[in-house]
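Encoded as structure tokens, the structure appears first; notes follow it.
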Amino acid sequence: MVTVRFAPSPTGNLHIGGARTALFNYLFAKNQKGKLLLRIEDTDKERSKKVYEDNIFASLKWLGLEWDELYRQSERMETYKEYAKKLETSGHTYRCYCTKEELDQKRKLYEKLKKPYKYDGTCRKLSPEEAQDKEKKGSPFVVRFKMPSSGQTVINDLVRGKISFENSELDDIIISRTDGIPTYNFCVVVDDALMQVTHILRGEDHISNTPRQIQLYAALGFKLPEFAHIPLILASDKSRLSKRAGAAAVTEYQEEGYLPEALINFLSLLGCSYSASEEIFPLSEIINRFSLKNVNKSAAIFDFTKLDYLNGYYIRQKSETEIAGLVKPFLLKAGITPGEQTLLKVVKLEKERLKKLADIVDSKYFFTEVTEYDPAGMEKHFKDPLKIELFKKFREEIAGIDFKTAELETFTRSFAEKNGKKLGELVHPVRLALTGKLISPGLFEVMEVLGKDTCLKRFDKILQVI
Ligand code: GLU
């Protein structure tokens, strides 16, 4: 059975890159009718935090990425010790007593020589007497793995093809630290093997770990799984993905009002394609079409415009009642308690324009008083006494009509004509008075939703503040 895993370290919230790795594993598992394990890699006691673990769980659940089994590395220490012992007994490891200061010095020397640093194997060469002496003194030590010093290690990557490494370039990696805590490269191999993971799908940033892990598989006599390294995600200018360019936590996207189905669709396209021409797919269709053959080698580009487009699309797939339910918490958070009927009317007007659910807050003038007016608009429309006079006249006459969209439009057009003005000369100041802004949905629809009383009050108010 195909078994994959997502193995986050709970040292931060689940960010967008991690979510993409989780999603690709999920898609592959579902497509292959296999299972997905979630393994929390929390051996780093200082940096691992329960809040981050909770955030990872909540984010995956919100995205709809359910896992079949859950593991925590911190609960598996005995197992790692057992396998470390095996490696020691079979002569694959040695104790390294080099101090931090000694290693720092060596590193600096390599830097001077402009050579990539690699541990020089000082302790690998200790005689049994020398080692015993260190032992007697109780010198602290780490355990290192004896990498083969010649030959090559080859990854047969399912995405990138054959990748070869010279073994002479791989250093004797540390498998357990001075405090006895096992390291990432070692735990990951023991876990993947014992959990019978068949395919390791992870970010390209892990490629350099893979040859080291392959050597550990061999030494432990474990069957090698398949490897597939998925491409990096870059910002639209091809720079590293920074926080501003999209590398935020999944929960931050949630808080801005992205829908999980939009984010899933968007993430599924980051480094993989499903059709030559289409990009909108529901999850079930992505599962059907997912194949490692269609995962790209080149970096994926994070395109906010596409994300917003997809989000708007998925918002409009919902009924107006559903959208109202979804935007309401964003209004409440902004301190606005919307009436149900008004909210539905506003959703009807705004849904074509919504990119994110939080955008609804831009329309708060439907629910609360207007307290601020666009300064450039005020300058343009409420400085000239003649324009103000015209506005006052409009306010008096419109008070006599029924506030229905069609009537409002007919009235405004004929008023403009009678007074020898263009429609825009009325629409802009009226919009400013009602919304405080220069842009809104269709003005006459806005007026109908606000109702006559509110509109007249707002006309009077703007005349007081000019
Ligand atoms: N804990 C590692 C990480 O967060 C997992 C790497 C792997 O998938 O092997 O990057």
Side-chain angles (χ1 to χ4, degrees), residues 2-29 34-57 59-60 65 67 69-77 79-80 83 145 153 155 157-160 163 170 173-177 181-217 220 222 224-233 240-241 247 249-250 267 271 292 295:
V2 162
T3 302
V4 291
R5 83 314 193 265
F6 174 53
S9 304
T11 52
N13 290 336
L14 181 68
H15 63 89
I16 214 76
R20 198 270 310 248
T21 304
L23 173 63
F24 278 28
N25 276 286
Y26 176 88
L27 294 173
F28 187 61
K35 61 180 178 179
L36 169 65
L37 318 181
L38 174 59
R39 189 171 66 227
I40 301 294
E41 306 215 317
D42 55 352
T43 52
D44 185 338
K45 278 209 188 100
E46 235 150 73
R47 293 176 57 224
S48 299
K49 300 263 181 312
K50 173 85 169 61
V51 281
Y52 297 138
E53 184 182 300
D54 290 343
N55 176 275
I56 293 168
F57 292 155
S59 301
L60 289 174
L65 305 178
W67 54 93
E69 289 167 27
L70 173 69
Y71 298 95
R72 273 187 201 86
Q73 287 191 328
S74 57
E75 293 164 1
R76 299 173 50 77
M77 290 299 169
T79 309
Y80 306 132
Y83 282 87
F145 177 72
T153 305
I155 313 175
D157 193 288
L158 295 179
V159 171
R160 314 177 64 85
I163 314 170
L170 309 176
I173 52 166
I174 298 173
I175 68 160
S176 86
R177 302 194 185 89
I181 303 283
T183 59
Y184 158 71
N185 273 308
F186 178 63
C187 299
V188 93
V189 167
V190 171
D191 284 345
D192 286 335
L194 298 186
M195 293 169 191
Q196 297 177 5
V197 171
T198 58
H199 294 73
I200 295 182
L201 270 62
R202 60 184 170 200
E204 199 186 290
D205 46 329
H206 283 289
I207 286 186
S208 61
N209 288 322
T210 307
R212 294 162 168 88
Q213 292 175 10
I214 290 177
Q215 287 301 335
L216 282 169
Y217 275 93
L220 286 161
F222 288 145
L224 204 62
E226 300 283 356
F227 289 95
H229 291 93
I230 58 181
L232 294 179
I233 307 172
R240 256 183 78 100
L241 202 61
V250 170
L267 291 174
L292 291 176
V295 174

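These numbers were taken from a predicted model, which means no experiment stands behind them. Numbering of ligands and ligand atoms starts at 1, following listing order.
- Ring centroid separation for the pair H206 and Y184 comes in under the 6.0 Å cut-off.
- In this structure, the side chain of D42 engages the main chain of S74 through a donor-acceptor pair within 3.5 Å.
- Using a 4.5 Å cut-off on side-chain heavy atoms (C-beta onward), R5 and D191 make no contact.
- The protein residues lying under 4.0 angstrom from ligand 1, judged by non-hydrogen atoms, are R5, A7, S9, E41, Y184, V188, R202, H206.
- No more than 12 heavy atoms of other residues, nucleotides or ligands sit less than 6.0 Å from atom CD of Q196.
- The aromatic rings of F222 and Y217 stand perpendicular to each other, their planes meeting at an angle above 60°, with 30° marking the opposite boundary.
- Remark: of the listed residues K35, H199, E69, M195, K35 is the sole one forming a side-chain contact (heavy atoms from CB on, under 4.5 Å) with T3.
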